[in-house]
Protein chains: 2
Amino acid sequence: MLKFTTKAEYSLRAMAILAKNYKKTAVSLAKIAREEKISKVYLEQLFSKLKKNHLVTANKGVNGGYILLRSPENVSAADIIEATEGSLEPFYCVSPKGNCCAKKGCLTRKMWIKVHQGIKITLENTKLSDLIK
Amino acid sequence: MLKFTTKAEYSLRAMAILAKNYKKTAVSLAKIAREEKISKVYLEQLFSKLKKNHLVTANKGVNGGYILLRSPENVSAADIIEATEGSLEPFYCVSPKGNCCAKKGCLTRKMWIKVHQGIKITLENTKLSDLIK
DNA sequence: TAAAAACCTAGTAAAATACTAGGTTTTAGT
DNA sequence: ACTAAAACCTAGTATTTTACTAGGTTTTTA
Ligand code: FES
Ligand code: FES
């Protein structure tokens with residue numbers, strides 16, 4: 001029903017914690033899981049995606065944890081949500097390739113694209129630094 | 001994953017057909033189901049909501065069917081999608097009452113509200129008449 | 001060398017979505 | 001009056017997605 005899932009919520013909250021510790025310490029998922037009351041293994045799955053998208057890096061071992069790769073001013077909510085939710089496209093048809101029914105004068109395609117742009121712009125303009133201040 | 005469902009797609013396509021027949025004839029769901037290859041009973045469920053939201057009216061019996069209550073210029077995609085999908089709110093917290101974690105200085109609430117406004121404005125500015133021309 | 005961290009995969013429970021089955025009620029045309 | 005075609009209604013179900021668990025391994029530092 002056009003809802004962001006917990007993936008967006010959890011990853012934003014977790015990334016906000018990393019932002020608060022930027023240039024200080026790495027933060028372990030065990031700590032985040034405890035503080036935010038989120039399943040640690042579920043967080044691992046989200047952070048695997050955040051890492052693949054070059055938003056964070058990780059240190060293994062004792063006192064290890066995750067670290068932001070960019071400063072909180074340079075990480076947007078769009079970056080995070082796209083990484084964990086998969087995409088911001090509000091309908092299956094809104095892809096750069098323009099597959100689906102586009103050829104046959106689709107009624108709604110233009111509208112989905114506008115909605116997509118709106119969501120994207122709002123989330124791109126919200127940075128991690130905005131969330132934590 | 002922040003997607004509109006088939007409810008939005010089907011109801012927009014069906015309402016576009018009613019718009020094309022505005023001031024002409026009532027259109028039966030059997031016809032729409034045939035033309036658009038959508039389950040008739042599923043359409044019935046969607047139209048029950050559209051009717052409750054005063055977007056259409058119905059004639060029973062032979063030659064009956066559904067009719068737009070307002071002109072295509074005065075029915076927006078937001079009207080239709082809100083009726084069938086339930087709401088346009090992109091996160092559970094974005095309600096007029098502002099329940100959930102709002103009190104404790106929530107990080108993301110402001111952002112969800114902006115996203116919601118953006119979606120709403122785009123869909124309100126798209127009328128049925130825009131879709132069929 | 002032990003504890004604590006990341007990292008990995010497959011399975012599963014719960015919820016939402018997209019239907020179907022099987023009716024009844026109403027109405028217009030014959 | 002009868003019949004076909006329409007709306008209208010409810011409960012059930014199949015499919016898909018989401019959210020999470022189980023049960024590990026690998027790596028690193030104290
Ligand atoms: S739904 Fe994809 S182009 Fe129309
Ligand atoms: S998620 Fe609802 S106010 Fe923060």
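The figures here come from the full heavy-atom set of this structure, side chains too, leaving out hydrogens, waters and symmetry mates. Naming: A, B, ... by sequence-line order, numbering from 1 per chain.
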Could you give the [atom1]-to-[atom2] distance, from [X] to [N], as a whole number of Å?
X	N	atom1	atom2	answer
A:L46	C:dT9	CG	P	16 Å
B:K31	D:dA7	NZ	C1'	17 Å
B:F47	C:dC19	CZ	P	15 Å
B:K40	C:dA21	NZ	C1'	12 Å
A:E36	D:dC20	CD	P	14 Å
A:L43	C:dA5	CG	P	14 Å
A:I32	C:dA4	CD1	P	18 Å
B:K49	C:dC19	NZ	C1'	13 Å

- Query: Are B:R70 and B:D79 close enough for a salt bridge, meaning some N to O gap below 4.0 Å?
  - Reply: yes
- Does some side-chain heavy atom of A:N21 sit less than 4.5 Å from a side-chain heavy atom of A:L68? no
- Given D:dC8, C:dT9, C:dT20, the nucleotide with the shortest approach to the side chain of B:S39: C:dT20
Separation between [atom1] of [X] and [atom2] of [Y], rounded to the nearest 0.5 Å:
X	Y	atom1	atom2	result
A:R34	A:S28	CZ	OG	6.5 Å
A:L12	A:T84	CG	OG1	7.0 Å
A:H116	A:I121	NE2	CD1	10.0 Å

- In terms of hydrophobic clusters joined by side-chain contacts under 4.5 Å, are A:M15 and A:I132 together? no
List every contact pair, protein side and nucleotides 16-18 of chain D side both N or O, where the distance is under 3.5 Å.
{"from": "D:dT18", "atom 1": "OP1", "to": "B:M1", "atom 2": "N", "distance (Å)": "2.6"}

Are there any protein N/O atoms within less than 3.5 Å of an N/O atom in nucleotides 25-30 of chain D, and if so, which ones and at what distance?
{"from": "D:dT27", "atom 1": "O4'", "to": "A:K60", "atom 2": "NZ", "distance (Å)": "3.4"}

- Query: Could B:K51 and B:Y66 be counted as a cation-pi pair, given that NZ or CZ must be under 6.0 Å from the ring centre and within 45° of the axis?
  - Reply: no
- Message: Can you see whether A:F91 has B:K3 sitting over its ring - NZ or CZ less than 6.0 Å from the centre and within 45° of the normal?
- Response: no
- Looking at every strand, decide which applies to B:Y10 at a 4.0 Å heavy-atom threshold: base, sugar-phosphate, or nothing. sugar-phosphate
- How would you label the contact of A:Y66 with the nucleic acid (heavy atoms, under 4.0 Å): base, sugar-phosphate, or nothing? sugar-phosphate
- Tell me which of A:E44 and A:I38 sits closer to the 5' end of DNA chain D, going by the nucleotide each one is nearest to. A:I38
- 5'-most contact on DNA chain C: A:L29 or A:Q45, nearest heavy atom basis? A:L29
- Message: Checking A:E36 against A:R13 for the salt bridge (charged side-chain N to carboxylate O under 4.0 Å, His left out) test, could you report, in this order, the C-alpha distance in whole Å, the side-chain angles of both residues, the deciding distance, and whether it holds?
- Response: CA-CA 8 Å; A:E36 298 287 328; A:R13 275 157 58 190; 2.8 Å; yes
